[in-house]
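Atoms considered below: every heavy atom in the structure, side chains included; atoms not considered: hydrogens, waters and symmetry mates.
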Amino acid sequence: QVQLVESGGGLVQAGGSLRLSCAASGRTFSRLIMGWFRQAPGKEREFVAAIKWISGSTYLTDSVKGRFTISRDNAKNTVYLYMSNLKPEDTAVYYCAAENALTIATSEGRYDYWGQGTQVTVSS
């Protein structure tokens, strides 16, 4: 089992920045992939970004490229999602997720472990 705890959400004005954190504990896998998803009110949960724990290679969805960055701190077992130039449409509950796999997946069904979510609200 992998336990994930997100933090760092909040209220920010459009154009502002936030950094989300996801601390992982429990069983770890050498092939662990950590991802961020988000779910806006009335919408389905969507993929945002993911990172391979060992290599550090990343993948971000087009709508956040150039604005969001995903990174990890191996010593702290923590993954970060740094969000800049935030827009009202980024408002959502952001979830951290993990899967034991070789390649990054954008489908939420591929991820086995989930955090409780953290709210991000961007005001216009």
Side-chain angles (χ1 to χ4, degrees):
Q1 289 287 344
V2 177
Q3 291 79 43
L4 304 173
V5 178
E6 304 102 330
S7 61
L11 174 64
V12 64
Q13 288 187 335
S17 302
L18 278 176
R19 188 183 75 167
L20 305 182
S21 300
C22 175
S25 61
R27 184 180 180 185
T28 57
F29 303 95
S30 61
R31 306 187 306 177
L32 198 65
I33 291 175
M34 303 290 293
W36 286 97
F37 287 76
R38 66 186 179 185
Q39 187 168 22
K43 295 187 177 181
E44 294 185 351
R45 189 153 54 184
E46 64 174 357
F47 172 85
V48 177
I51 185 168
K52 290 186 178 181
W53 195 264
I54 292 297
S55 68
S57 60
T58 65
Y59 181 77
L60 295 91
T61 194
D62 287 346
S63 63
V64 306
K65 285 180 180 177
R67 300 189 299 123
F68 291 12
T69 302
I70 185 171
S71 63
R72 89 264 194 247
D73 184 330
N74 288 355
K76 297 182 178 179
N77 284 339
T78 299
V79 172
Y80 303 99
L81 184 69
Y82 181 74
M83 307 181 293
S84 63
N85 192 20
L86 282 161
K87 305 175 181 181
E89 51 264 42
D90 294 317
T91 295
V93 177
Y94 283 71
Y95 297 90
C96 178
E99 64 163 338
N100 178 23
L102 289 173
T103 58
I104 288 175
T106 59
S107 171
E108 63 174 297
R110 284 277 304 274
Y111 290 79
D112 301 310
Y113 307 100
W114 292 85
Q116 80 287 355
T118 184
Q119 176 70 47
V120 172
T121 302
V122 184
S123 63
S124 57

Are Trp114 and Phe37 an aromatic pair, judged by ring center distance below 6.0 Å?
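Ring centroids of Phe37 and Trp114 are less than 6.0 Å from each other.
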
Do [X] and [Y] make a side-chain contact, defined as non-hydrogen atoms from C-beta onward lying under 4.5 Å apart?
X: Glu6; Y: Trp36; value: yes
X: Ser17; Y: Tyr82; value: yes
X: Thr61; Y: Thr106; value: no

Grouping I, L, V, M, F, W and Y whenever their side-chain heavy atoms are under 4.5 Å apart, do Leu18 and Val48 come out in a common cluster?
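Linked within one cluster.
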
In the single-linkage hydrophobic clustering (I, L, V, M, F, W, Y; side-chain heavy atoms under 4.5 Å), do Phe47 and Tyr113 co-cluster?
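As far as the 4.5 Å side-chain criterion goes, Tyr113 and Phe47 are not connected within one cluster.
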
[Y] backbone acceptor or donor facing [X] side chain under 3.5 Å:
X: Lys52; Y: Leu102; answer: yes
X: Arg72; Y: Ile54; answer: yes
X: Ser84; Y: Arg67; answer: yes
X: Tyr111; Y: Cys96; answer: no

Can you tell me how far the [atom1] atom of [X] sits from the [atom2] atom of [Y], to the nearest 0.5 Å?
X: Leu81; Y: Thr69; atom1: CG; atom2: OG1; answer: 8.0 Å
X: Asp90; Y: Ser63; atom1: CG; atom2: OG; answer: 7.5 Å
X: Lys43; Y: Glu89; atom1: NZ; atom2: CD; answer: 8.5 Å
X: Met34; Y: Ile70; atom1: CE; atom2: CD1; answer: 8.0 Å
X: Trp53; Y: Asn100; atom1: CH2; atom2: CG; answer: 13.5 Å

Closest non-hydrogen atom pair between [X] and [Y], with its separation:
X: Ile51; Y: Val79; result: CG2-CG1, 4.1 Å
X: Arg110; Y: Glu99; result: O-OE1, 3.2 Å
X: Leu32; Y: Ala98; result: CD1-CB, 4.0 Å
X: Ala24; Y: Leu4; result: CB-CD2, 3.8 Å

Output side-chain donor-acceptor pairs under 3.5 Å for residues 117-124, partner residues at least two apart or in another chain, one line each.
unit_1 : atom_1 : unit_2 : atom_2 : d
Thr118 : OG1    : Gly9   : N      : 3.2
Gln119 : NE2    : Ala92  : O      : 3.4
Gln119 : NE2    : Thr121 : OG1    : 3.3

Distance under 6.0 Å and angle within 45° of ring axis: Arg45 vs Tyr95
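Flagged: Arg45 positioned over aromatic ring of Tyr95.
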
Set out, in order, the CA-CA distance, both residues' side-chain angles and the distance that settles salt bridge (Lys or Arg N to Asp or Glu O under 4.0 Å) for Asp62 and Lys65, then state yes or no.
CA-CA 5 Å; Asp62 287 346; Lys65 285 180 180 177; 3.1 Å; yes

Between Phe68 and Tyr94, what is the ring plane arrangement, given parallel below 30°, perpendicular above 60°, and tilted in between?
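Aromatic pair Phe68/Tyr94 classed tilted.
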
Would Gln39 and Glu46 count as a side chain to side chain contact (heavy atoms under 4.5 Å, CB included) if you check the C-alpha gap in whole Å, the side-chain angles of each, and the deciding distance to 0.1 Å?
CA-CA 6 Å; Gln39 187 168 22; Glu46 64 174 357; over 6 Å; no

Atom NZ of Lys76: over 12 foreign heavy atoms under 6.0 Å:
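At most 12 heavy atoms, drawn from other residues, nucleotides or ligands, come within 6.0 Å of this atom.
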
So does Gln13 have more than 12 non-hydrogen atoms from other groups sitting under 6.0 Å from CD?
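No.
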
